[in-house]
Amino acid sequence: MDKNFDAAAAEPRIYAKWDQEGRFAAGANASRDESYCIVIPPPNVTGSLHMGHALNNTLQDILIRWKRMQGYDVLWQPGTDHAGIATQMVVERELMETQQPGRREMGREKFVDRVWEQKEKSEGTILGQLKRLGCSCDWSRNEFTMSDGLSAAVLKVFVDLYNKGLIYRGKRLVNWDPKFETAISDLEVEPKEVDGFMWHFKYPLAGGETYEYVEKDEDGTVTLRETRDYISIATTRPETMLGDGAVAVHPSDERYAPIVGKLCEIPVGPKEHRRLIPIITDDYPDPDFGSGAVKITGAHDFNDYGVAKRGGIPCYRLMAMDASMRADGAAYAEEAAKAQKIVEGQSFTEEEIDAINLVPEAYRGLDRYAARARVIADITAEGLAVMVPADHPEVAWMKGQAPEWKENGRAAFPPVAESEDAEATGPATLPMVESKKIMQPHGDRSGVVIEPMLTDQWFVDAETLAQRAIEDVRAGKTKFVPENWEKTYYNWMENIEPWCISRQLWWGHQVPVWYGPDIDSDDPTGFSKEQRAFCASSEAEASQAAAAFYSKHLGYEVQVHIQCDADELIEIQREKGVSRDRFGIRGVASFDGKVSMIRLNRDPDVLDTWFSSALWPFSTLGWPEKTPELDRYYKTDVLITGFDIIFFWVARMMMQGIEFMGEVPFDDVYINSIVVDQKGQKMSKSKGNVIDPLHLIDDFGADALRYALASQEVQGRRTLRMGPEVTQGGQRFGTKLWNAARLAQMREAHTVPPSKTPPAASLTVNKWIIGETARAAAQVTEALEKYRFNEASSALYDHIWKVFCDWYVEFSKPYLEGADGPEKDETRACMAWALDQCLVLLHPIMPFITEELWGTLAPRDKPLIHADWPDLNAAALADADADREIGWVIRLIDGIRSVRAEMNVPAGAQIELVLTGHSVEVAHRMLRNSQLIQRLARLSECAVAEHAPEGSVTIALDDCAANLPLKGVIDVAQEKARLQKTLGKSEKEIKGLQGKLSNQGFLAKAPEEVIEEQRDRLAIAEAEAARLSQALERLAGLA
RNA sequence: GGGCGCGUAGCUCAGUGGGAGAGCACUACGUUGACAUCGUAGGGGUCGCUGGUUCAAUCCCAGCCGCGCCCACCA
């Protein structure tokens, strides 16, 4: 054997062998009927794995390997996620960087093909990384969220939920990402605090009306009274004024009571076409904030949307999908007139309102921030900005202090020309502009400012699905570890909003809905442009459903064509001799006055990537087919994941699992830490502090990284710091074990085939190590059962390094190096067994090095990956006498070593030990172990005597004094000082214990065993102190 | 605003109602036939502050100070 384990060479070799031999396959090594299943959190096919994945998968592999060794029927289900928006973004960025045609130029089909290439590439990388890490997934079952099977599951779930009314389409205000031009869910929005401003503008009352505006302080004293012909509005987004549908005040706000119900004018746009909007009441406005009056722009603000819905206020969409001001529709004058009719009470349909473009010509096509600047400038120029004295403390926009206008809108001060007068004298008043920190929503992928946008989207009725998902966690059917995450889960689930699942992207599961023309209710034989939806799990089914529907309505057969464009439809008509003139844009073609063909178009949207991830625990097991795997492994045993996707993923798996499988998807949800760098900083590409797990594996080996991760994974801790230093610790641990095995091999410990059960032992050291091993096995098992990865790691570290290597290996040497005979044979067998147990117990955490040693040390029936996890009776195997005796020997050796170092006794010098003040039993104990003690404490002789030899250094134990005759070597003063110091500590302890034991309250109320323990400790301390005093007395004579 | 978590040795962090721990770093000595990726020994902490509960508090409770995260959010 080499001195070191060559991880780089051995790990891939070992992994390949396991894989080839089918050691990872579901059910491999199963010896019992119970199953154990984990589904991997599928990594995104956007690139490669980071440290968080390394941690997450290490923890899963530890549990999987452990359970497999315990004989469970184990499945670790692997796979990857198509990660809709993220992957599409990666590909689009790459196209841009390599100056290739963009998505739109390529067209949907070609682009999607290109994303599949990305998927193949990334998946290969990811699986390779998982294998380097040692993950023992059943690769034959590898899945992908967009595979045929999983896509079928997605379709079925969508259709079922649709039919149950739990999925619906509607025009709602959603978070719109103007960069990707898609809706995103609330969870994909990151609010960020940015510097913003709040402008105050006057909305003049219609017809020049006036009212008494009165402000009062808390006591009701009037602080301001003036006649106003306007209502003051504060806003951070002036450009949305164009779409205002009302001004709202709180019903209790007396200041505005006189004008509630009246109309006011939006102070922007062509003067001759100013729009009038009503002043309404709603509970939403806070009278103490701003002016207390809020402009209501239902189509561009979530709070306003709520007010608008409650008050029947129209929501006017102002922006195009890229968040530029709309440039479609009719002339502004015409559109504004339509809006005015709504105010006057004329009713319009949602579609009609959506078609109204209230952006004046001057602003059309501008970016939203450019429009903002123009609106502010125009209002200010017109004198409708609220003006305040130039020294007003809240005014940011003072001469020379105004931040520069920036296109990204972070500081939105437009250039405003000052009047000549102002230049001469300086303005006495300035527009009221408050500088303000505002929370602005950003797309988590795109980074751009999200625009609330009224669009047609698909939603899941999450509230309904959440009910049982909440109940089942309350009932303990799924447990979060650590438990406090349940609170987070409830908090979100109980306030859940409808889940927007449609995305205007190309990469993903296309919504399985086809639209045909709707029946026109006014004309039973005609069709309207409105879309009638057919939801079905295939084109054929949709087509069939549509044919049935239209045939029933018309009373005769019609043909349905899917997604052919108008030209195609015309061609079909010509072939069939259909007259051309009756073909309309509504998607119907007719012949001889009868509708003969109908065109269906599939909804172009795709589903949120989490829609398919939510099915992962059962879709990967074959659902909707009734597969044996589904039956066997669902529900799964544990999900291991990060807290950041509890909402995104865990909650949704709970909902879908319960809905479609009738049962929660997992017993436990273990929330692992977030990996940060060694300074505690979150790893990110922009900070440049990302550590690639592969680099650490290259430098230290996968085992080292795995050990480092496991040993740092503390239940309930949020972050885990990882870096080369910690990983190196793992490597050292491996080397230590490696060399212990090397010694065992040199000493021929494995000459007899090692047994699974502990060998019969007669020697104390062997009895002792058997007990210690059983104890360690129990600790590791218990720690793993409780998901205490750090405890399992440290139990192994202590046992292997501190107990096995530091003491047992040393204790065993005299026997292993001694004459052949029963003692040598026994010790060999015990060492082989104890070492084997170390390998078995460490295998889940450090699979490679342990497997290598397992194979190197002895021929085996099975590789270590399939070895049996020990089930030792720790209590029965513990030998109290052996423990006591070895404990004593260790204390004695420690004491001697300590004194030798303090007295500067040369390491090579052999000195004598004389025991005094002992009982016969203690003397025998020493003599029995004198060989070990001499060797480890580097002694020439172990003797017993009546009195300590003159000039001895004394080590006080409770049942004896160990004297080292060092006459001529020791410095009497130094030794006195040492004894004094030790005695001081002893006395301090005695004092404390005596105090406690004389406290009546303590004696009356403390448990008996605690009192007993304190008494024992006192006795020991007193015995030690007595021996120390004696030693000091002897020295007193000398000095 | 609501919720969660943290503050223990120089650093990173375990831990416990009854004797303060580990790794790394540091100091001294050392190459003794497994291991210098090592060994032996050692220094180093009023366990954030204040109060309460208790026979007993680093641990439980309350408040405060400092730090971090999540959710929501006033136009």
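Below, chain A is the first sequence line, B the second, and so on; all start at residue 1.
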What is the nucleic acid contact for A/R897, judged by heavy atoms within less than 4.0 Å: base, sugar-phosphate only, or nothing? sugar-phosphate
Would you say A/R718 places a side-chain N or O within less than 4.0 Å of OP1 or OP2 belonging to B/G5? no
Is the phosphate of B/G39, meaning OP1 or OP2, less than 4.0 Å from a side-chain N or O of A/W801? yes
Would you say B/G33 has OP1 or OP2 under 4.0 Å from some side-chain N or O of A/R747? no
Does A/K813 put a side-chain nitrogen or oxygen below 4.0 Å from OP1 or OP2 of B/A34? yes
Distance check: side-chain N/O of A/K991 vs OP1/OP2 of B/G19, anything under 4.0 Å? no
Looking only at side-chain N and O atoms, does A/K487 come under 4.0 Å of OP1 or OP2 in B/C4? yes
Checking N1-N3 plus N6-O4 or O6-N4 for Watson-Crick, or N1-O2 and O6-N3 for wobble, each under 3.5 Å, the partner of B/G5 is B/C67
Side chain of A/K736 - closest among B/A34, B/A25, B/G68: B/A34
Partner of B/C60 by Watson-Crick or G-U wobble geometry, both contacts under 3.5 Å, or none? B/G52
Starting the side chain at C-beta, find the nucleotide from B/C38, B/C55, B/A75 nearest to A/F1002. B/C55
Between A/K985 and A/E989, is there a salt bridge with N-O shorter than 4.0 Å? no
Would you say A/R717 places a side-chain N or O within less than 4.0 Å of OP1 or OP2 belonging to B/G5? no
